[in-house]
There are 2 protein chains.
Amino acid sequence: MARTAGSHSDITGPRVREAALKLFAQQGFAAVSMRQIAGEVGVQVGALYNYTPDKQSLLFDLMKSHMDGLLAAYADNSAVTAEARLHDFVQFHIRFHHDRPDAVFIAYMELRNLTPENFAVIEALRRQYEDRLEDILRAGVASGSFDVPDTKIATLALIAMLTGVNTWFRAGGRLSLEDVEAQYWQMVRKAVSAEG
Amino acid sequence: MARTAGSHSDITGPRVREAALKLFAQQGFAAVSMRQIAGEVGVQVGALYNYTPDKQSLLFDLMKSHMDGLLAAYADNSAVTAEARLHDFVQFHIRFHHDRPDAVFIAYMELRNLTPENFAVIEALRRQYEDRLEDILRAGVASGSFDVPDTKIATLALIAMLTGVNTWFRAGGRLSLEDVEAQYWQMVRKAVSAEG
DNA sequence: TGATTAACTGAACGCATGTTCAAAACAAAC
DNA sequence: GTTTGTTTTGAACATGCGTTCAGTTAATCA
């Protein structure tokens, strides 16, 4: 076999994904054409089909990679107190999402552009992530340090609040990411705490 | 002038808006064609242009109406305690958004499909709404009943959390809207409270 | 009844879409 | 320097897009 090393396929492939991620986040999946992506990469549109069977798969792969990365990156430590675990979660969530705003945006906004089968896969992964937080809340309720009537609702409420950081936070602004983390942690801690 | 009463224009006009609202929410602005909207209304595509100059204006009008309605419907009562005002806000926000999920969805998801001028208008209205909540938080901090380091951050965090209800709540499920309101109020109240 | 005009149709405009594929370009292996 | 096989081009396919507009329909007023 000839032409394996030195080939452009291991360069163009990632570049296609990067361009798609950026453009989908900026303009939305439906508004971005394959020709736009090709233009961003610097190739003709036909070349894209060496790297994805179709546009839908390109979207799905981006979302799946993001969710896989999210689940792989978060390691819960169930040996410590529920409050310490929750603190870890809040810090992790804010940082991880802050570091990849385009992928986060796509994962939340483009769900309706997935085929039903692809949607089910992504939704299951999201559910897994939510379950990690709910485990922490349940542990805290069981030990008496948290007080929330319904751990499922609290889970969804906290994730919505934390993910919201991405919609407004910009590095170099009035506050550092550390400031933001500290303040969100204070709100989260108080929101679920058992009142004295 | 002939043909004013009995005309269809006061029927078709609202139906165009309803169809566009529904379809934009379901599939996204860019993915919906004028022909689809016309099909939903039961007219030919050309007829739509009696009711909107173009597709972009249709989107903008829907978003503007929603934001105007939001600002008109919420009446703050600055005569009572900050905690009572915050309770009112939480109830109002959850209910108002619950009652019009399609408009809410569009107002959050389709901002990037607005022209810069139209975006600025919608963004200013959103800012106005946020300012109403921030006023309440500031009053509570001033009176000592709330404790939040930065009222702007807290405002954005609370709104993200409250709006998140729309992404999962379905009437007829495990919980009533009253249950949800009560639990979110508990979390909000604790999150901003000055600890004993 | 006839004139008026708002509401709508149906077809057309130029252009963009996702996808396919034969042919060309090209880099490495022999 | 020829062979081999991966990568890319460039053109084409059928279809759909937003928008326009001359012409038809039908309800109202005089």
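Here is how names work: the chains are called A, B, and so on, in the same order as the sequence lines, proteins then strands, and each is numbered from 1.
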Given [options], identify the nucleotide with an atom nearest to the side chain of [X].
X	options	value
A:Asn50	C:dG18, C:dT9, D:dT7	D:dT7
B:Val45	C:dA11, C:dC8, D:dG18	C:dA11
A:Gln44	C:dC8, D:dT9, D:dG18	D:dT9
B:Met34	D:dT19, C:dT17, C:dT9	D:dT19

field: Touch class at under 4.0 angstrom, heavy-atom based, for A:Val32 against every strand present
entry: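 Since only primed, P, OP1 and OP2 atoms lie under 4.0 Å of A:Val32, the category is sugar-phosphate.
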Give the rounded distance in Å between these two atoms: [atom1] of [X] and [atom2] of [N].
X	N	atom1	atom2	result
B:Gln36	D:dG16	CD	C1'	11 Å
A:Gln56	C:dT17	CD	P	18 Å
A:Lys55	C:dT17	NZ	P	9 Å
A:Leu48	D:dT7	CG	P	14 Å
A:Ile37	C:dA16	CD1	C1'	15 Å
B:Tyr51	C:dT9	OH	P	10 Å

- prompt: What is the ring orientation for B:Tyr74 with B:Phe92, classed by angle as parallel under 30°, tilted 30 to 60°, or perpendicular over 60°?
  reply: tilted
- request: Please assess B:Phe169 against B:His97 for the test ring-ring contact (aromatic ring centres under 6.0 Å, His included), listing each intermediate value before the final yes or no.
  value: CA-CA 11 Å; B:Phe169 181 79; B:His97 285 66; over 10 Å; no
field: Salt-bridge criterion met for B:Glu134 and B:Arg138 (N-O under 4.0 Å)
entry: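 Looking at B:Arg138 together with B:Glu134, the answer is yes, because their closest N to O distance falls below 4.0 Å.
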field: Polar pair under 3.5 Å, donor/acceptor by atom type, side chain B:Arg35, base D:dG18
entry: yes
- prompt: For A:Ala31 and A:Ala47, take the nucleotide of DNA chain C holding the closest heavy atom to each; which residue's nucleotide lies nearer the 5' end?
  reply: A:Ala31
query: Does a side-chain N or O from A:Ser33 land closer than 4.0 Å to OP1 or OP2 of C:dA16, or not?
result: no
- prompt: Between B:Thr12 and C:dC8, is there a side-chain N or O to OP1/OP2 distance below 4.0 Å?
  reply: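 Answer is yes, contact under 4.0 Å.
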- prompt: Within 45° of the ring axis of B:Phe96 and under 6.0 Å from its six-membered ring centre, is that where the NZ or CZ of B:Arg100 lies?
  reply: yes
query: Does the side chain of B:Ser57 pick up a donor-acceptor pair with the side chain of B:Asp54 at under 3.5 Å?
result: yes
